[in-house]
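All remarks here apply to the structure that follows.
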Amino acid sequence: MTDQAAPGADRLSIGVIVGTQGLQGQVKMQIWSHFPERIPELTEIYLDDEASPRRLERAQVSGGIAVLKVQGIDDRNAAEELRGTVVRIPASDAAPLAEDEYFHFQLIGLPVFDEAGTPLGELAEILETGANDVYIVRDRQGRDLLLPALKSVVLDIDLERRRITVRPPAYLEE
């Protein structure tokens with residue numbers, strides 16, 4: 001499969017290269033993916049925003065680390081140069097999501113409105129806190145509004161109309 005889309009378009013970051021392993025060019029990747037068991041099944045990856053994918057020759061997962069052998073990276077020096085590189089996959093290779101689940105890249109940048117249709121800003125960032133995500137909505141003046149990603153707060157996400165409708169908690173209006 002070759003994805004000649006714009007660099008980074010519809011790609012998911014699954015980890016970052018944090019070191020090397022051995023002398024044959026293997027790299028250690030800190031796993032960010034919620035589905036690490038799928039990493040050994042991958043056949044291609046993107047390094048940072050490269051336009052063309054790289055063949056993944058092997059992948060082993062142990063805890064929060066994956067050891068990857070990427071085609072063309074054949075010695076420790078070449079592997080060391082990749083430290084800090086983000087590893088990405090096409091969204092089409094991602095695990096299917098349940099209903100009402102979204103990838104962050106689908107939501108970042110969407111305009112956010114309250115129930116009355118008043119624009120509140122744009123979804124700038126999503127914080128993963130463990131209990132629930134927190135949406136950071138940035139207005140035109142650069143002020144941030146933090147909203148818990150709860151059904152009682154995030155009323156509708158409409159990807160077709162490119163908008164998010166929210167009901168800010170009452171304590172934010174005081």
Side-chain angles (χ1 to χ4, degrees), residues 1-110 112 121-138 142 144 146-149 154 157 159 162 164:
M1 142 182 37
T2 341
D3 179 0
Q4 293 300 327
D10 293 345
R11 294 189 192 150
L12 303 176
S13 300
I14 63 167
V16 62
I17 296 174
V18 294
T20 64
Q21 173 140 341
L23 303 173
Q24 306 302 312
Q26 294 103 328
V27 294
K28 290 195 263 185
M29 177 185 79
Q30 179 184 358
I31 299 171
W32 293 342
S33 171
H34 293 289
F35 303 99
E37 68 278 2
R38 293 179 54 101
I39 292 171
E41 300 169 12
L42 297 172
T43 58
E44 294 180 329
I45 59 171
Y46 291 86
L47 300 177
D48 281 333
D49 289 326
E50 288 182 335
S52 299
R54 303 261 190 135
R55 188 162 118 41
L56 185 60
E57 295 177 357
R58 284 188 307 281
Q60 289 180 288
V61 174
S62 179
I65 297 289
V67 177
L68 310 177
K69 175 61 178 96
V70 180
Q71 185 177 33
I73 307 301
D74 297 319
D75 61 44
R76 188 175 185 89
N77 291 336
E80 184 60 42
E81 289 178 18
L82 295 178
R83 189 183 296 265
T85 299
V86 175
V87 178
R88 296 186 167 97
I89 61 170
S92 59
D93 285 351
L97 296 176
E99 187 175 336
D100 292 332
E101 285 187 336
Y102 303 92
F103 293 114
H104 289 188
F105 80 87
Q106 293 176 296
L107 303 178
I108 301 292
L110 289 181
V112 179
E122 183 176 282
L123 184 59
E125 189 176 344
I126 300 172
L127 299 177
E128 295 183 42
T129 65
N132 56 268
D133 289 350
V134 175
Y135 289 0
I136 300 177
V137 178
R138 188 160 295 135
D144 290 343
L146 278 61
L147 298 172
V154 181
I157 296 174
L159 294 180
R162 296 200 36 81
I164 299 172

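We use all heavy atoms of the structure for the numbers below, so side chains are in, but hydrogens, waters and symmetry mates are not.
Among residues two or more places apart in sequence or in another chain, the salt bridge (Lys or Arg N to Asp or Glu O under 4.0 Å) test is passed with Arg55 by none. With sequence neighbours left out, the side-chain contact (heavy atoms from CB on, under 4.5 Å) criterion links Glu128 to His34, His104, Asp133. Partners of Gln24 under the side-chain contact (heavy atoms from CB on, under 4.5 Å) rule, at least two apart in sequence or in another chain, are Gln26. Arg162 pairs by the side chain to side chain donor-acceptor pair (under 3.5 Å) definition with nothing, not counting sequence neighbours.
Ile14 has its side chain within reach of Met29: a pair of non-hydrogen atoms, C-beta onward, lies under 4.5 Å apart. The closest side-chain heavy-atom distance from Ile136 to Leu146 is below 4.5 Å. The shortest side-chain heavy-atom distance between Val67 and Val27 does not fall under the 4.5 Å cut-off.
To the nearest 0.5 angstrom, Arg138 atom CZ is 7.0 Å from Glu125 atom CD. Atom CG of Leu56 and atom CD of Gln71 lie 10.0 Å apart (nearest 0.5 Å). With rounding to the nearest 0.5 angstrom, the CD1 atom of Ile45 is 10.0 Å from the CD1 atom of Ile39.
When all heavy atoms of Ile157 and Tyr135 are compared, the closest pair comes out as CD1-OH, 4.0 Å. Summarising the geometry of Leu68 relative to Ala59, their closest heavy-atom pair is CD2-CB, 3.7 Å, with the distance given to 0.1 Å. The two residues Ala51 and Tyr46 have their closest heavy-atom pair at O-CE2, 3.7 Å. Closest approach of Glu122 and Gly109 over heavy atoms only: CG-O, 3.2 Å. When every heavy atom of Gln106 is checked against every heavy atom of Leu110, the shortest pair comes out as O-CD1, 3.7 Å. Heavy-atom minimum distance, Ile89 versus Leu42: CG2-CD1, 3.7 Å.
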Return all side-chain donor-acceptor pairs below 3.5 angstrom for residues 72-87, not counting sequence neighbours, or 'none' if the list is empty.
from, atom 1, to, atom 2, distance (Å)
Asp74, OD1, Lys69, NZ, 3.0
Asp75, OD1, Asn77, N, 3.1
Asp75, OD1, Ala78, N, 2.7
Arg76, NH1, Thr20, OG1, 3.2
Arg76, NH1, Gly22, O, 2.9
Arg76, NH2, Thr20, OG1, 3.2
Glu80, OE1, Arg83, NH2, 3.0
Glu80, OE2, Arg83, NE, 2.6
Glu80, OE2, Arg83, NH2, 3.1
Arg83, NH1, Val18, O, 2.6
Thr85, OG1, Leu82, O, 2.7

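Look at Asp49 and Arg11 and you find no salt bridge, because none of the NZ, NE, NH1 or NH2 atoms lies under 4.0 Å from a carboxylate O.
Applying the salt bridge (charged side-chain N to carboxylate O under 4.0 Å, His left out) definition to pairs two or more places apart or across chains, none involves residues 12-41. Note on residues 97-107: pairs passing salt bridge (charged side-chain N to carboxylate O under 4.0 Å, His left out), not counting sequence neighbours, are Asp100-Lys151.
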- Message: Please determine whether side chain to side chain contact (heavy atoms under 4.5 Å, CB included) holds for the pair Leu47 and Ile17, giving the CA-CA distance in whole Å, both sets of side-chain angles, and the decisive distance to 0.1 Å.
- Response: CA-CA 9 Å; Leu47 300 177; Ile17 296 174; 4.3 Å; yes
- Task: Give the intermediate values and the outcome of side chain to side chain contact (heavy atoms under 4.5 Å, CB included) for residues Val154 and Ile164.
- Result: CA-CA 7 Å; Val154 181; Ile164 299 172; 4.1 Å; yes
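Within 6.0 Å of the CD atom in Glu57, the count of heavy atoms belonging to other residues, nucleotides or ligands exceeds 12.
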